[in-house]
Structures are given as C-alpha cells and as structure tokens.
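Right, one structure below, let's go through it.
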2 protein chains.
Amino acid sequence: MATIRDVSRLAGVSVATVSRTLTKPDKVSQKTREKVNVAIKETNYKPDILARNFRTRKSSTVVVLVPDIANPFFSRVIRGIEQTAQKLGYAVLLGDTQGLREREITYAKMVDTSQAEGIIQLDCHIPFEDQENITAPVVNACDCVRGIEIPSVQIDNISAAKEMTEHLLSLGHKNIAVISGPEQSTITQDRLFGHINSLNDAGITFKTENVAYGDYSIQSGAKAAEKLLNISPSPTAIFCMNDEMAIGAIHYAKKKRLSVPDDISISGFDNISFAEYSDPPLTTISQPAEEFGSFAMSMLFDVMKGNELEEKYKLLPFELIKRKSTGINNHD
Amino acid sequence: MATIRDVSRLAGVSVATVSRTLTKPDKVSQKTREKVNVAIKETNYKPDILARNFRTRKSSTVVVLVPDIANPFFSRVIRGIEQTAQKLGYAVLLGDTQGLREREITYAKMVDTSQAEGIIQLDCHIPFEDQENITAPVVNACDCVRGIEIPSVQIDNISAAKEMTEHLLSLGHKNIAVISGPEQSTITQDRLFGHINSLNDAGITFKTENVAYGDYSIQSGAKAAEKLLNISPSPTAIFCMNDEMAIGAIHYAKKKRLSVPDDISISGFDNISFAEYSDPPLTTISQPAEEFGSFAMSMLFDVMKGNELEEKYKLLPFELIKRKSTGINNHD
DNA sequence: ATAAAAAATGTAATCAATTACATTTTAATT
DNA sequence: AATTAAAATGTAATTGATTACATTTTTTAT
C-alpha cells in the first residue's frame, strides 16, 4: 500500500504538500496540486484513515445505543441518524444494547478510548458508570432522561397522549385501558401522565388496574390485552403505547371474537408502516422517526464541535392519525 | 487523559511492560502486573484505541452494507451480526446504502483506508469499482452474487420456493401468481426458478403475465396485487417473495372484498414477527435471520484471519410455516 | 554453587499521517 | 528596482501505542 511518502517522492514535493493537497487544497498552488493528484493516481494512494484519526485525535465516528435494532421504529430512527451522519462526515457504529446497562456502558466507553466522538442514546438511561459526571458528548433521541442535562429530541409525549385520550373520550369511551411501555421509561411515564390528565379534565377517575405493562413486543401486547379484557367492567377502548402492542391487542380481541372497533377501540403509537395495513387500520400517533435520528445527529454534531445548541430539549411535531381501529362507544 | 507513559512512570516500569500487562498479561510477573494495575486505576488510564489500531494496523471493525435498515428482516440479520461481532471483538459500522451502488462503494472503500477490516454485504452486488478484482474480505448474507467467488450464507431459495409452490399446488391451485422482488436480485431469480420448476413438475405451464415485480414494500405488494387480481382468469393464489408484500396483497384483496384464503390464497416469505399476527396469519417461509447475521460474521472473521472456510457457500435451513392465509382452492 | 535456560523487563524504533514553524517563492506596492 | 507582504513549500516533531531486540532477573538442572 502506497503511503504519503511514496506520493511525495513521485511528485517531487514534500509530504506536507501532499497532505495539504488532500486536506486543504486551497493552500496549494494549482500546478503542484495537479502534480500531486497525478502521483496519487499513479500510486493508487489511499490516505490511511487510521493514521489520520490517530494524529488528529478524531475518529469521525459516533456510536448509537439502541435497545433493539429489530424494532421498526428504532430502525427508522437509525436510518435518519445514518443519513445525516454521512452528510456530516461521520460513520455510525451500531450498539445494540438489548436495554442492558452493562452493554450501554461498554459502548459508551468507546468515547473514552477515542474510538467514537459522541453517543446517541435511544433509551432512557445514562450510559455511564458515574451518572453525575457526564463527560462524553451525548444526546437522547425519542426517549430521554428526566432531570439530567442531556440534550434530547422527542415529541411532546404528554400532549400526544392527551390528544389520543381526548380522541377516545370524544368517541364516548369512559372506561379506557392502557397498554403501557416499561414502567421506568420516561416516555411511558409522560404518556401515562398525559392520559390521566385528560381523564381528569373529563371528570373521569383513572383506575390503576386499567394499566398493563408490556415490552413493546406484539406478544406482550396480546398478553396485556388478555389481562385487560378479562376484568369487569371491561374497558371499551385500549390506548397502546406502540403499534406492535396494539397489533397484538387487536389480535387477542379478534381471538376473543370482539369486533374492533365495534366492541373495542384500540389505538397505537408510532405509525409504523404496518399500522396502515393492519386490519382494521390502526389509529395511532405518527412520530417523525427519521427526523428524530437526523435531528439527534445534528445536535450531537454541535455538541461535539462545542457549538451552542439552539434548543437543548427539542420537541418535534407529532400527528394523530385517525383510522378504523377506533370508533364510537356503543356499549354504554 | 493519561497515557501509557503516565502509567509506566507511576508504576515504575517501562511502557513496554504496561502494554504487555494490558495485551498479554501472562508475559508479566504477577507482582508487576499488580503494580501496573494499581497505577492504571490511579491514573484512570484508558488505552487509546486509535493509537493501538494505528500501530497494529487493525481497526477491529467491520462494515455492513444493507439496502434498507428499516426492513424488519434486515434489521434482524444485523442484530445477529452485531451479537457475534461483539463476541469476536469487532465493532459494526452501519452502511445503509439504499441499494445504491455508489454508496456501497463508498462504504466498501473503508477497507482500503483501513477504517474497516471486512465487509458484510446484504445485497446482491459487488461493492467494488473493479468487479473482477476483489481484494477486501467480504461475505454475502441472505442474497448473493452468482458466479463470483464471494463466500455467502443463505437458504436454498430454489427449494424454498419449490416447497411453497408445492404447498399451493397441493391445495389445488393451478393458476398461481407471483409477487416477486426486484428482477435483478439473485434470490428473486432463484425463487422464481424454483417456482417454475414446481409448476413444470406438476404439468402446469408458467405464465409470465402472472408475475409482478415489487420492491419488498407493503405498498408495492398492494400495487402488484392490484395488477394480478385484475387479469382474467384471476389467479387463485399469490406467492409473494416477502411478508410485507404479502401483507400489502392481503390488504388489496380485502379491499376488493375477496376473502383470504377462501377466494385467494396468499403466501409470504421471511416470517417476520408481523406474519403471525396478520389477518389471516400468513403462510410463509421462515428464514433464520439472526443466524444469517451471526454466521456471516463468523465467516467474515475466518476470511479476515486467513482461515480456511469449512463451507464457502453455506446454506441454512428454512421452514415452511403453514398458517391461515393459504387454503383449498374452491374456484375451479 | 554454578552454568544454562527461561522468564521478565527495558530501550528505542516504528506505524502514516498532520502541522507548527522555518524557509523560499511569488505578488503587490512604492 | 527595491521593499514588503502574502502565498507556497519544506523540515521535522508529534500523536500513543506496540514490539523486535537487548538486557537483566529468576528458575532449573547439574
């Protein structure tokens, strides 16, 4: 493999000039630039990025911590991250953490060893051993850690849950169940808070037993629905905190020979591609997944560069998508 | 940030000894090892991986080229890659190529610049400018390039398509349509070949107009179904080359007030998590997505190490999953 | 106790770029 | 034409680890 030295020799210039031709061509006269470029072609020289990174102390790499890459919502976020990273000249290292703190920390340490320059965390944890003392550039996307000074981009989950709940209330539902995400998750808490708020505003008392916790999988949604649809009085609507669980819930409801939405309204969250094609099509909250990723990457870029952030806690717009899985309550 | 020099000074040993303590501890006496480890803790030393990579000429990184990370099947493959990479001490760089050759080449070049040591390609292209002369370690997963010496792991797509077609034939279908993947793709060609073979074996002539090409998206499946279900005589079964397109096809069929499977049988391919929960649940071919990834990573490891591969073209088992979306033909 | 072999440690070169600083060349100004 | 300023180029140090080779220390065998 040719090195910068080989090129410099062939072109009859110093290594510094070759380096400059590559990284700041405007500092080199056109004549030399051409000579050097010819030599580069001649030798088939490719700059050794490892050496460059080492010398510049920059890896031009970010690592993304994702609880589950196979989750269609997260993978869209990652697509957004990748696209913007590419534009900004960064490579994306994948850290599938399975939600394990240990693995998050392992990946986050790549910043200490200068393998990565920054971290995008899609989960609501602080990926450091010392939670108080955050030294690495990190931003949260989708979910976030409350009360900690980590920049984040998400939607206003409280308002989104309110809007969904109000939609269900407007259809005449009074006994609304919830299939929630993991109890510790910030977005879960926010959405639950928004839900309860709306209920209170409508003069309806929230009942704890109407909440079942899932893990965002279809299976967990079906299981939660089983629990919720067998309490009495049976809820007439279920607000699910993601589309997969909603699909699982619909599946269980159908199995129980309940019609969706005639017997039970079921709503989702995220608006994944399958939502539109589920039977019935899913009423859900559309989240700008790609934009989360792309925005998070832009923010991380600023943090890494030491730029001031315009907004430290960015909220992107969401949208209530009304489809056929929710309908008028005709049971009471 | 502390360097190896700081540690050596504090521990009263040479830098070589510190380095050895870290990378080959058995070459260092226990007494010194302890001294060094104390000094490492004291100084909070973290080896600079950039420097290490540079000196050893290894990045311990592989890059995976994926046409679309948001595809649930690919994201499972990637999960498998990530898990095995982690175990083998490699980091995974994400190359979302959108199927663009240009982007594939850009990412593949990371091996030339020693940013990555190897490539896992999930598409059926050769990601190099010079197609003839492959110098970088690369393996294909899921799809593969025919007639080229690139190690690959996939299922026997011909047999899988045969099995599915035979299943449909056994249900009495004689006019079977196909919603195919992109025409240039090897797996598409293999599956079509298997399909036609089975048809021939059963004495049925294959009709070109019974094939519609999609791009693996739900939408394209729905569109293809629209085309296929409006030719006459209408097919009584559709063999789709992935689950998303099958879900799209089912959606269109229902919209046309056709019952699946009573009026039209529809089958998928991949067995993504949504297949089981679609309405009706999807008859499909289960592919071992995670194993593809994990196996591909193991193979790539061997290629990178210069080890002989046990099998250059590995076939993993698939399974026909019979569910409710296919049924007896009661139309002729 | 001594010689030989093995283990442990140290010295310093090395990897391939970038870049501060010095020097030379070119352009602009009087 | 001489002087000054600006642009272009070169020299050589630098980055932080690894490792070949040399040297010292410890262990083993006689």
Side-chain angles (χ1 to χ4, degrees), chain A residues 1-40 43-61 89 91 109-117, chain B residues 1-40 43-61 89 91 109-117:
Chain A
M1 206 66 182
T3 74
I4 201 168
R5 213 142 246 116
D6 302 318
V7 177
S8 82
R9 215 173 294 130
L10 187 65
V13 298
S14 73
V15 291
T17 301
V18 178
S19 175
R20 277 189 287 254
T21 314
L22 252 30
T23 55
K24 15 184 123 77
D26 50 312
K27 295 272 164 201
V28 176
S29 76
Q30 205 196 318
K31 222 177 57 187
T32 356
R33 221 184 306 153
E34 278 162 11
K35 263 197 306 189
V36 171
N37 284 328
V38 167
I40 286 175
T43 53
N44 189 29
Y45 167 72
K46 302 268 180 348
D48 183 323
I49 304 293
L50 244 39
R52 175 182 291 171
N53 287 350
F54 168 55
R55 173 58 225 244
T56 57
R57 321 285 327 117
K58 297 208 180 77
S59 61
S60 295
T61 298
K109 273 191 182 149
M110 288 184 150
V111 175
D112 295 335
T113 60
S114 53
Q115 275 181 103
E117 293 179 44
Chain B
M1 207 66 182
T3 74
I4 202 168
R5 214 141 245 119
D6 301 319
V7 177
S8 82
R9 213 173 297 129
L10 187 63
V13 298
S14 72
V15 291
T17 300
V18 178
S19 175
R20 276 189 287 254
T21 314
L22 251 30
T23 56
K24 16 184 124 77
D26 49 312
K27 295 272 164 201
V28 177
S29 75
Q30 204 196 319
K31 223 177 58 188
T32 348
R33 220 183 307 151
E34 278 163 10
K35 262 197 306 189
V36 172
N37 284 328
V38 167
I40 286 176
T43 53
N44 190 29
Y45 167 73
K46 302 268 180 351
D48 183 323
I49 304 293
L50 245 38
R52 175 182 291 171
N53 287 351
F54 167 56
R55 174 57 226 244
T56 57
R57 321 285 328 122
K58 296 207 180 80
S59 61
S60 295
T61 299
K109 273 191 182 148
M110 289 184 149
V111 175
D112 295 335
T113 59
S114 53
Q115 275 180 101
E117 293 180 44

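Residue numbers begin at 1 in each chain, while the letters A, B, ... track the order of the sequences. Computed from a predicted model, the values in this text were never measured in an experiment. Side chains are part of it too, since the values below use all heavy atoms of this structure and drop only hydrogens, waters and symmetry mates.
Dense packing is recorded around NZ of A:Lys46, with more than 12 heavy atoms of other residues, nucleotides or ligands lying under 6.0 Å away.
Nearest heavy atom pair, residue A:Ser59 against residue A:Ala116, reads OG-CA, 3.5 Å. In terms of heavy-atom proximity, A:Val28 sits nearest to A:Arg20 at CG2-CB, 3.7 Å. Among all heavy-atom pairs drawn from B:Thr61 and B:Gln115, the shortest one is CB-O, 3.6 Å. Of all heavy-atom pairs between A:Ala2 and A:Thr43, the closest is CB-O, 3.6 Å.
Rounding to whole angstrom units, CG of residue B:Leu50 and P of D:dT18 are separated by 13 Å. C:dA8 atom P lies 14 Å from atom NZ of B:Lys35, rounded to whole Å. Rounded to a whole Å, the CZ atom of A:Arg5 is 12 Å from the C1' atom of D:dG10. Following rounding to the nearest Å, A:Met1 (CE) and C:dA17 (P) show an atom-to-atom distance of 9 Å. For the pair A:Asp6 CG and C:dA16 P, the interatomic distance rounds to 9 Å; values are reported in whole Å. In this entry the distance linking CG of A:Leu22 with C1' of C:dA16 reads 12 Å, nearest Å. The separation between B:Lys31 atom NZ and D:dT25 atom C1' is 10 Å, rounded to whole Å. Rounded to whole Å, the distance from CG on B:Asn53 to P on C:dT14 is 21 Å.
Across all strands, A:Val13 comes closer than 4.0 Å only to sugar-phosphate atoms, never to a base (heavy-atom distances). Among the atoms of the strands shown, none is found under 4.0 Å from any heavy atom of B:Val18.
For the OP1/OP2 pair of C:dA17 and a distance below 4.0 Å, the side-chain nitrogens and oxygens of A:Ser19 include no atom meeting the criterion. Between A:Lys24 and the phosphate of C:dT18, there is no side-chain N or O to OP1/OP2 separation shorter than 4.0 Å. In this model, the phosphate group of C:dG10 is approached by a side-chain N or O of B:Thr17 to a distance below 4.0 Å at OP1 or OP2. Close to C:dA7, at under 4.0 Å from its OP1 or OP2, lies no side-chain N or O of B:Ser29.
Out of D:dT18, D:dA12, C:dA16, the shortest distance to the side chain of B:Thr56 is found at D:dT18. Taking only side-chain atoms of A:Thr32, from C-beta outward, the nucleotide of C:dT19, C:dA17, D:dA8 with the closest atom is D:dA8. Picking from C:dA20, D:dA17, C:dT9 the nucleotide with the shortest atom distance to the side chain of B:Ile4 gives D:dA17.
Atoms CD1 and OG, on A:Ile49 and A:Ser60 in that order, are 8.0 Å from each other to the nearest 0.5 Å. One finds the OG1 atom of A:Thr32 at 14.0 Å from the NZ atom of A:Lys27 (value rounded to the nearest 0.5 Å).
Between the side-chain ring of B:Phe54 and the base of D:dT15, no stacking contact exists by the 5.5 Å and 30° definition.
Within the helix from C:dA1-D:dT30 to C:dT30-D:dA1, the inter-axis angle between the opening and closing five-pair segments is 20°, rounded to 10°.
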- Going through the distances and angles, do A:Tyr45 and A:Ile4 end up as a side chain to side chain contact (heavy atoms under 4.5 Å, CB included)? CA-CA 7 Å; A:Tyr45 167 72; A:Ile4 201 168; 3.8 Å; yes
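The base of C:dT18 lies close enough to the side chain of A:Arg55 for a donor and an acceptor atom to sit less than 3.5 Å apart.
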